[in-house]
Amino acid sequence: MSVDVLHETATRLRAAWPAHADEATLRSRLETLPGVQSVRVNSTLRCVVVHHDGLPGTRDAVLERLASVGEAPPPSAGRRAHATPAASSVAWTPALLSLALPLLSGRWRAGGALAVIAARALAQREQLVRDPAAVLLDAASQTAAALSGHPLVVTASVASRTLSEALSARLVAQADDLLRHLLPVEAARYAARRAGERAWQPLPPDALRAGDRVRLAAGDVVPVDGRVVRGYATLVATLHHASGAPRAVAAGEPLAAGEQLHDGALELVAEADAAGSRLERLRAHLRHAAGARDPAGRLAPEIERLVSLPLTGAALVMGLTGDASRAAAMLQADPQQGLDLALPLAREAALYTLARQGLLAGGLEVLERLAVAPTLVLQDSGVLACGRWRVAAVRTARGVDAQTVHGWLARLAGAGDADDGVRTEAPSVADAVVRRWWRHGALLPDVGGRELHLASPARLREVWRLELPPLPAAVDGLQRTFAFVQRGRVVARVTLASDWRDGAGAHLAALRALGFERIALLPEADDVPPAPLYGDAAGVEWIDPRRAPRDEWFADAVRDGRPLVLAHTVWRDLVPPGSVSLCPVDADAGAHGVLLGNPLASLVAARELAQAVHRRLRRQQGAAVAANAALMTAAALRWLPPEVTALLHHGFVFALLFDSLRIEALDASGIRCAAAPAPPSHDATDAPARSDDRAVSAVS
């Protein structure tokens, strides 16, 4: 079993909680390892943090122990397992029996009601273990109603709860179907060849590693992130809400796990292990979202706080008047009963409709913060720009030509292997590779008998004491300028460009119209000039890390306690407490939500839906407390008979249930269509700049 490492330093490792391990076993198995200094298990985040001595052997032993702990067979199919027919019939039996209570004679009716209550409790074994207070309070109120001569109250209560559970199960099954569509299934085995070997062998997807060659035919799902080294094919994006029509790929083009070959055949080289692919990160996020429980908040309140209200009222009425009917009516008019039925249903419906619109959220907490946050921070690369980099301009010194420079870039990007025999021109390069070049540089050890270095302007100043004057803008979009250095001399300058996503300016305007008072652009790399957007992007603030550290800017932005939304690919450690972190689907793991397809379009739709759901759930909670408080008052003052009080209460519960169910029908397609016009066309004035993308001249 592979271990999902979430974050790692030289002496600290944070990994996902093994699927089938309990906390005590996990801690005891890790603390006994030599070299392990401390173990901290976080049950809320479902992760384990291990501090060790930093030796490679200790790290390997920790990972091996984590894998062995997680190899136990699952006791059940999990939280989202569909109910079996037998389990469904058991759940419906008390409700069907309760419907027969009005047909019984008076002396048999109370006994039948008690039998229904007992059957209902026995059918809720899992909930009795998980939340015994709610089950016992419900049974106590129904028993009081049955013994006081009001068995119809039992019928209404059991029927409403059974209906809510059936509706929730339907939504869970519906969400499962959506997730199966979101997550394509790879083949059982792929024809693969290990790096350095010549023999092809069938390997399962989870055995594929970086550097492996994989052959794909029409209909195959891409199992790992990589790039094409041979062949041609047309790809379709199977992930829901992925943008764009089918795209053709050839040698050097990138592939993402989860895409599917519509036609053609190709050979790819894996750029990462299968466990680190986009598809596996998305699966991990969905598993976390499916099993997470919302912390207490305005949209997911601690409903248990309301338990004392009906209990206290019923006790006072019983003690002062001795009227069991009125005491039972007080127990029935409980605002907790309506909310604890409607809220789980609303959560499933909200997460389902958000997923349909392009946001896989972790719970109602994410939805609440997304709805009310006044500040939005967007990373430039991968969010506002497309996340792939191409060569926009090359300037060379005497004796070096542009084709040679393209070959150097191809080798650095891993696309210039000698056995490919396809192209020497530099392919499009992934964000992660350009990020590594910018921070640390790159090295080709043997070019003309000497080392050839690739350096950013900062590295050029730091190591070689050379300045790299800026080049004029080559394209609309992000740019990174690098220098090739040999023998302490700049032999070539390369400008890489990443185009803005289609409709970026219009999407920003739509987000501002949806209530974001402050929209800031966070550059992924330091020491880069501001990159103006085309279109209507007035009021977008540029965060310059050279003037103030990023963490200081964030601290100032959340000084008043209000959350912010950060859509990013690498900045998850910068997210202040109480804020929400959203990542595009190709980004690193660790976010509270994953944006599918075009992240800006998904963010527009998600903001509108979050605000609509937020208003509805707040209205539900206020109405539940107000309505049931009025019913409790009416029951205490004998303004209404106990039967009428109970029936009005359960009628209100049914109204809450169906209002929650309506959340799944919400749709943000109208605003998304309005906010996503066709990509801006470039007139003739842009043609010279684009046709000269690869202009060659002397290095400045």
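Numbering starts at 1 and runs along the sequence shown. Values below: every heavy atom of this structure, side chains too, minus hydrogens, waters and symmetry copies.
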- Message: Within this structure, what is the CG-CD1 distance for the pair Leu378 and Ile519, rounded to the nearest 0.5 Å?
- Response: 7.0 Å
- Quick one: list whatever passes side chain to side chain contact (heavy atoms under 4.5 Å, CB included) with Ala610, sequence neighbours left out. Leu367, Leu370, Ala371
- Query: Residues in side chain to side chain contact (heavy atoms under 4.5 Å, CB included) with Arg662, at least two apart?
  - Reply: Arg616, Asp659
- Have Gln379 and Thr569 got a donor and an acceptor in their side chains that come within less than 3.5 Å? yes
- Message: Once rounded to the nearest 0.5 Å, what's the spacing between atom CG of Leu364 and atom NE2 of His614?
- Response: 10.5 Å
- Message: Can you confirm whether Val580 sits close enough to Leu566 that some side-chain heavy atom of one is under 4.5 Å from a side-chain heavy atom of the other?
- Response: no
- Which heavy-atom pair separates Phe554 from Pro576 by the least distance, and what is that distance? CB-CG, 3.8 Å
- Query: Can you list the residues that meet the side chain to side chain contact (heavy atoms under 4.5 Å, CB included) rule with Ala557, with sequence neighbours excluded?
  - Reply: Arg518, Trp553, Leu564
- Query: Which heavy atom in Leu600 sits nearest to a heavy atom in Val383, and how many Å separate them?
  - Reply: CG-O, 3.9 Å
- Message: So which atom in Ser660 and which in Gln620 form the shortest heavy-atom distance, rounded to 0.1 Å?
- Response: OG-NE2, 3.1 Å
- For side chain to side chain contact (heavy atoms under 4.5 Å, CB included), just list the numbers for Gln611 and Leu514, CA-CA rounded to whole Å, side-chain angles, deciding distance to a tenth of an Å, and then say yes or no. CA-CA 9 Å; Gln611 291 176 338; Leu514 288 171; 4.0 Å; yes
- Report the residues that fulfil side-chain hydrogen bond (donor to acceptor under 3.5 Å, both in side chains) with Ser579, sequence neighbours left out, ordered by chain and then residue number. none
- Task: Begin from the C-alpha positions of Val565 and Thr375 and carry the test side chain to side chain contact (heavy atoms under 4.5 Å, CB included) through to its verdict.
- Result: CA-CA 6 Å; Val565 176; Thr375 303; over 6 Å; no
- Query: Any side-chain heavy atom of Val366 within less than 4.5 Å of one from Leu354?
  - Reply: no
- Can you tell if the side chain of Cys583 reaches within under 4.5 Å of the side chain of Leu595, non-hydrogen atoms only? no
- Task: Could you check Leu376 against Leu603 for side chain to side chain contact (heavy atoms under 4.5 Å, CB included), going step by step and ending with a plain yes or no?
- Result: CA-CA 10 Å; Leu376 171 64; Leu603 186 57; 3.9 Å; yes
- Note on the structure: d(Gln357 CD, Glu608 CD) to nearest 0.5 Å is 8.5 Å
- Item | Test salt bridge (charged side-chain N to carboxylate O under 4.0 Å, His left out) applied to Arg562 - qualifying residues, sequence neighbours left out | Glu517, Asp560
- 4.5 Å side-chain heavy-atom contact, Leu522 and His568: no
- Note on the structure: Looking only at heavy atoms, the pair that brings Gly578 and Pro563 closest together is O-CB, 3.0 Å
- Note on the structure: Heavy-atom closest pair (Arg501 atom, Asn598 atom, distance to 0.1 Å) is CD-OD1, 3.5 Å
- Task: Name all residues meeting the salt bridge (charged side-chain N to carboxylate O under 4.0 Å, His left out) criterion together with Arg615; count only those two or more places apart in sequence or in a different chain, and write none if there are none.
- Result: none
- Counting only heavy atoms not in Arg619, do more than 12 fall under 6.0 Å of its CZ? yes
- Write down the atom of Ala606, the atom of Leu359, and the distance for their closest heavy-atom approach. CB-CD2, 3.6 Å
